[in-house]
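Quantities reported herein were computed from a predicted structural model and do not represent experimental measurements. Throughout, a chain's letter reflects where its sequence line sits, starting with A, and its residues are numbered from 1.
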Amino acid sequence: MSASYILKRVALTFYTLFVVSVLVFGITQILPADAAVMMLGENATPEALEALRQQMGLNDPVWLQYLHWAGGVIRWDFGISMRTGQPVGPALFSALGTSLTLAVLALALMLVLAVPMGIIAAVRRGKLADLAVGFLSYVGVSLPEFVTATLAVLLIADFWGWLPPAGYIPLTQDFVGGIERLILPVTVVSVMMIAHVSRMVRSELVDVMHTDYVRAARLKGLHPRRVLFRHGLRNALLPTITIVALDVGYLLGGVIVVEEIFSIPGIGRSLMSAIQARDLPVIQAGVMIMAATYSIVNFAADLMYAWLDKRIQYD
Amino acid sequence: MTDFLGRLLRTPQGFLGCLIVGLIFVAVLGGHWLTPFGPEDMQALARYKAPSAEHWLGTDQYGRDILSRLLDGARSTVVMAVAATVIGTLGGAILGTGSAYLGGRADEFIMRTVDAVMAIPSLLLALLVVSLLGSNSANALLAIAIAFMPSMARISRSVALTVRKQEYVSAAIARGEGSGYIVLREMLPNVIAPIVVEMTIRVSFAVMLFATLSFLGLGAQPPATDWGLMVSEARQYLHRSYWILLWPSAAIALTAIGFNLLGDGLRDALNPRT
């Protein structure tokens with residue numbers, strides 16, 4: 001992995017953030033919402049509205065407004081929420097922490113379940129275990145999060161009463177209560193990824209086990225388990241890194257839905273209420289933060305891939 | 001063609017996929033005549049009924065027949081999802097194929113920008129577009145189409161790059177054909193097969209995305225029979241009957257599974273090697 005590859009990848013991440021910022025600013029600019037009216041109310045006098053517009057720079061040309069906003073974002077200043085009158089940044093970053101707890105736990109659960117499922121399916125190809133994993137993954141990718149969530153709440157929370165149906169308690173405040181409330185949302189968010197990734201691991205492993213070097217390792221008389229783990233898995237799991245990183249996009253989408261259903265005060269919920277209230281600064285900042293999370297994860301995944309797979313020489 | 005169909009039906013995925021998608025299209029096309037009751041017919045005395053001989057799938061909170069509502073909703077849900085996918089795919093395919101044809105700096109610029117747009121989760125992009133245009137079914141359709149374009153552009157570009165190197169494209173360039181002609185008449189037809197596979201699988205995403213938008217209150221509005229909306233409304237009446245929740249959920253899942261299976265079956269049938 002050369003320095004120029006890293007540099008190129010960094011430049012790409014910045015370009016991504018630039019494009020997203022233009023897009024988000026553009027969309028929110030077209031949204032039919034007058035910031036001045038929202039802040040002062042419908043009954044404000046035209047003079048007061050005009051004065052506020054002047055003060056907020058709403059009469060400036062669009063490109064100047066964009067530069068003003070983007071300049072703020074670079075200095076971690078995301079503006080003032082139109083609804084609450086509070087700075088957007090601190091509120092959103094604390095919501096991001098909540099969402100990340102949910103997302104990281106879901107990723108961990110996914111890896112713990114999906115990788116072994118894929119391995120078992122590949123090793124027992126065509127047998128009952130393979131069919132079972134295949135069936136589960138078809139069902140898993142075909143259930144939208146809101147359906148899984150509603151069914152899980154109906155069965156596990158309402159019917160059996162095993163877990164609370166909704167709510168959130170920070171883990172630092174009450175660990176057991178917090179975990180109890182996170183089990184359902186984390187499981188729901190991970191279902192689709194488990195289904196997708198286990199299928200990918202299976203097909204990668206099946207391909208790798210048919211390569212010449214695996215046959216050579218077998219013919220050398222190595223123990224089958226050693227062939228599977230040292231020769232097969234090492235190579236089959238590499239592409240999984242990229243797939244998991246791309247799946248973070250779905251994960252973030254799932255987080256929005258799940259936070260809404262389970263009343264978790266994360267960034268998805270903030271975004272949903274901002275979209276409903278047309279709170280432009282919060283929408284802009286929320287989308288930027290989500291896109292930045294996705295780009296950074298994919299950047300890290302690419303570097304990890306290049307570092308782990310010495311055969312690939314990027315220039 | 002018959003050879004291809006035979007190969008498609010011989011794989012378990014292809015067979016099941018054809019069966020399920022076939023049934024769904026029967027519901028879409030004939031749903032209007034098949035429904036035993038009107039989708040809006042309320043029977044005050046028959047609310048929250050479990051499945052019975054008269055109401056096969058039971059009735060909902062207003063005593064409306066759930067089977068009739070599902071059949072009626074098949075049209076809006078599935079047709080909208082297919083339409084959104086087709087528009088999104090077409091847009092993406094033109095962008096991706098054009099980018100591959102242009103090559104060089106322009107290709108680099110277009111694809112990097114497409115990658116950048118993909119950093120916004122498709123659900124979020126769809127939410128933004130709907131909030132920009134207003135919450136109704138037509139805007140949800142457009143939102144999903146737009147959300148699909150970047151990834152479809154990527155896929156069609158990689159396929160088109162392979163086609164670009166073929167001799168018939170060089171021949172067209174040598175003949176002095178215009179860019180539009182080469183992209184649309186020479187390259188696009190050969191890029192279509194893999195794109196159709198991807199598109200079929202995408203329909204299941206579109207069904208789910210559509211249902212999710214309606215569930216969040218940003219797609220179809222009551223009293224529409226959109227399946228996602230039915231799930232969303234059913235949540236309030238769970239303590240009275242869970243059938244009103246189960247059936248539309250099952251319908252969404254079955255549709256998504258059907259298109260997924262069909263897509264996988266098509267892929268296997270188109271690539272005899274694997």
Which heavy atom of [X] sits nearest to which heavy atom of [Y], and what is that distance?
X: A/Glu260; Y: B/Leu216; value: CG-CD2, 3.9 Å
X: A/Ile275; Y: B/Ser131; value: CG2-CB, 3.4 Å
X: A/Tyr138; Y: B/Gln13; value: OH-CG, 3.4 Å
X: B/Ala116; Y: A/Val20; value: O-CG2, 3.6 Å
X: B/Met208; Y: A/Val141; value: CE-O, 3.0 Å
X: A/Gly253; Y: B/Leu123; value: O-CD2, 3.3 Å

Taking the side chain as every heavy atom from C-beta outward, state whether [X] and [Y] have any atom pair closer than 4.5 Å.
X: B/Asp264; Y: A/Arg199; answer: yes
X: A/Val287; Y: B/Leu128; answer: yes
X: B/Ile252; Y: A/Phe146; answer: yes
X: A/Val19; Y: B/Val117; answer: yes
X: B/Leu127; Y: A/Ile256; answer: yes
X: A/Val147; Y: B/Leu245; answer: no

Atom [atom1] of [X] and atom [atom2] of [Y]: how far apart are they, to the nearest 0.5 Å?
X: A/Leu23; Y: B/Ile120; atom1: CG; atom2: CD1; value: 5.0 Å
X: A/Arg278; Y: B/Leu132; atom1: CZ; atom2: CG; value: 7.5 Å
X: B/Leu254; Y: A/Ser142; atom1: CG; atom2: OG; value: 9.0 Å

Notebook entry, point to check: Can you tell me if A/Tyr15 and B/Thr113 form a side-chain donor-acceptor pair at under 3.5 Å?
Noted result: yes
Which one wins on heavy-atom pair count under 4.5 Å against chain A: [options]?
options: B/Leu209, B/Leu246, B/Asn260, B/Val129; answer: B/Asn260
options: B/Val231, B/Val207, B/Leu261, B/Val130; answer: B/Leu261
options: B/Gly217, B/Pro248, B/Ala256, B/Ser232; answer: B/Ala256
options: B/Ala211, B/Gly228, B/Ser204; answer: B/Ala211

Check: Is the number of heavy atoms from other residues, nucleotides or ligands under 6.0 Å of B/Arg154 CZ greater than 12?
Finding: no
Item checked: Neighbour count >12 (heavy atoms, 6.0 Å) for atom CZ, B/Phe15 -> no
Next item on the list: Output the option from A/Leu151, A/Leu252, A/Leu12 having the highest count of non-hydrogen pairs under 4.5 Å with chain B.
Entry: A/Leu12
Margin query: Among A/Gly254, A/Ala291, A/Gly134, which residue has the highest count of heavy-atom pairs closer than 4.5 Å to chain B?
Written below: A/Ala291
Examine whether an atom of [X] lies under 4.5 Å from a heavy atom of chain B, and if so say whether it belongs to the side chain, the backbone or both; otherwise answer neither.
X: A/Leu251; answer: neither
X: A/Val139; answer: both
X: A/Phe18; answer: neither
X: A/Met288; answer: neither
X: A/Glu145; answer: neither

Item checked: Toward chain A, the part of B/Phe205 with a non-hydrogen atom under 4.5 Å -> side chain
